[in-house]
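Scope of the values below: all heavy atoms of this structure, side chains included, with no hydrogens, waters or symmetry mates.
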Amino acid sequence: MAENTPLIEHKNIPLYNTETWMYEEFELGRKDRSISRTISEGEAMLFNGLVLDMHPYVGNQQFAENEGLFGKRLVAGAMVFSLGLGLMANNNVNTFSYGYNKLRFIKPVFIGDTIYTVRTHLDKTPKYKEMGLITVSYEIYKQTGELVLYCEHLQTVKYRRPENFNQ
């Protein structure tokens, strides 16, 4: 059987939207901003259905308008969290999620709002034989510039030179 030459050639083409930085290249204090995206009613309801979140504030227009605190439906906080982080996903093949700290839903997000995310590199600490631990913050904002969500993401990331961290 002949080798698939195009497939072999394609593996040498750099992957789009993928990063390969390692622990040593993580720059403390660096800030990056995502593109913006608007949250539609259809996708909000699809998310609610997928996660079985039918709280009246996110799934009942009549309740939200007539009895709710805000007069309109909210986007589920879990969706704002997911979309906000997705906007900054760096697809780094050398990092692995370790968890999240300080997750706070600060202001409401409504159907039709547009959000964007600012990521800040906060900390890095040697942790394991092959990987260090980094911390970044995610601040998710609405189109008005209001901060709506904050969290810190802990990730392990491979060392470029593990011998420098195994003393």
Subject >> Aromatic F26 / basic K124 pairing, under 6.0 angstrom, 45° off normal >> reply: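 Output no; distance or angle outside limits.
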
Side-chain ion pair, [X] and [Y], N-O less than 4.0 Å:
| X | Y | value |
| --- | --- | --- |
| E24 | R160 | no |
| E65 | R73 | no |
| R37 | E43 | yes |

>> Does T135 form a side-chain hydrogen bond (donor to acceptor under 3.5 Å, both in side chains) with H153? I'd like the steps, not just the answer.
In response: CA-CA 6 Å; T135 305; H153 188 189; over 6 Å; no

[X] side chain to [Y] main-chain N or O, any donor-acceptor pair under 3.5 Å?
| X | Y | result |
| --- | --- | --- |
| S82 | V80 | no |
| K142 | P108 | yes |
| D53 | H55 | yes |
| Y159 | M131 | yes |
| N94 | T20 | yes |
| N91 | N17 | yes |
| Y23 | P162 | no |

Counting only heavy atoms not in I13 (residues, nucleotides, ligands), do more than 12 fall under 6.0 Å from its CD1?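 Buried by this count: over 12 neighbours within 6.0 Å.
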
Inset, instruction - Over all heavy atoms of both residues, which pair between I111 and A44 is shortest? Give the atoms and the distance, please. - result: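 Closest approach of I111 to A44: CD1-CB, 4.1 Å.
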
Between R119 and V136, which heavy-atom pair has the shortest distance, and what is it?
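In this case the closest contact between R119 and V136 is CG-CB, 3.9 Å.
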
Hey, can you tell me if Y57 and F63 have their rings parallel, tilted or perpendicular (30° and 60° cut-offs)?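 Perpendicular.
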
Can you classify the ring geometry of F81 versus Y100 as parallel (below 30°), tilted (30 to 60°) or perpendicular (above 60°)?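 Taking Y100 first and then F81, their aromatic rings stand perpendicular (interplane angle over 60°).
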
- Message: With ring-ring contact (aromatic ring centres under 6.0 Å, His included) as the criterion, how do Y150 and Y138 come out once you've worked through the C-alpha distance, each side chain's angles and the decisive distance to 0.1 Å?
- Response: CA-CA 6 Å; Y150 178 87; Y138 292 108; 9.3 Å; no

### Check against side chain to side chain contact (heavy atoms under 4.5 Å, CB included), E139 and T117
CA-CA 6 Å; E139 297 168 300; T117 303; over 6 Å; no

Requested in this report: Take D113 and Q143 through the test side-chain hydrogen bond (donor to acceptor under 3.5 Å, both in side chains) and record every step on the way to the result.
Outcome: CA-CA 7 Å; D113 278 345; Q143 68 276 358; 3.1 Å; yes

Single hit among L147, V118, L87, I115 for side-chain contact (heavy atoms from CB on, under 4.5 Å) with I140:
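Result for side-chain contact (heavy atoms from CB on, under 4.5 Å) with I140: I115.
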
- Query: Of the options L149, V148, L74, which is the one that meets F105 in a side-chain contact (heavy atoms from CB on, under 4.5 Å)?
  - Reply: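 Of the listed residues L149, V148, L74, the side-chain contact (heavy atoms from CB on, under 4.5 Å) partner of F105 is L149.
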
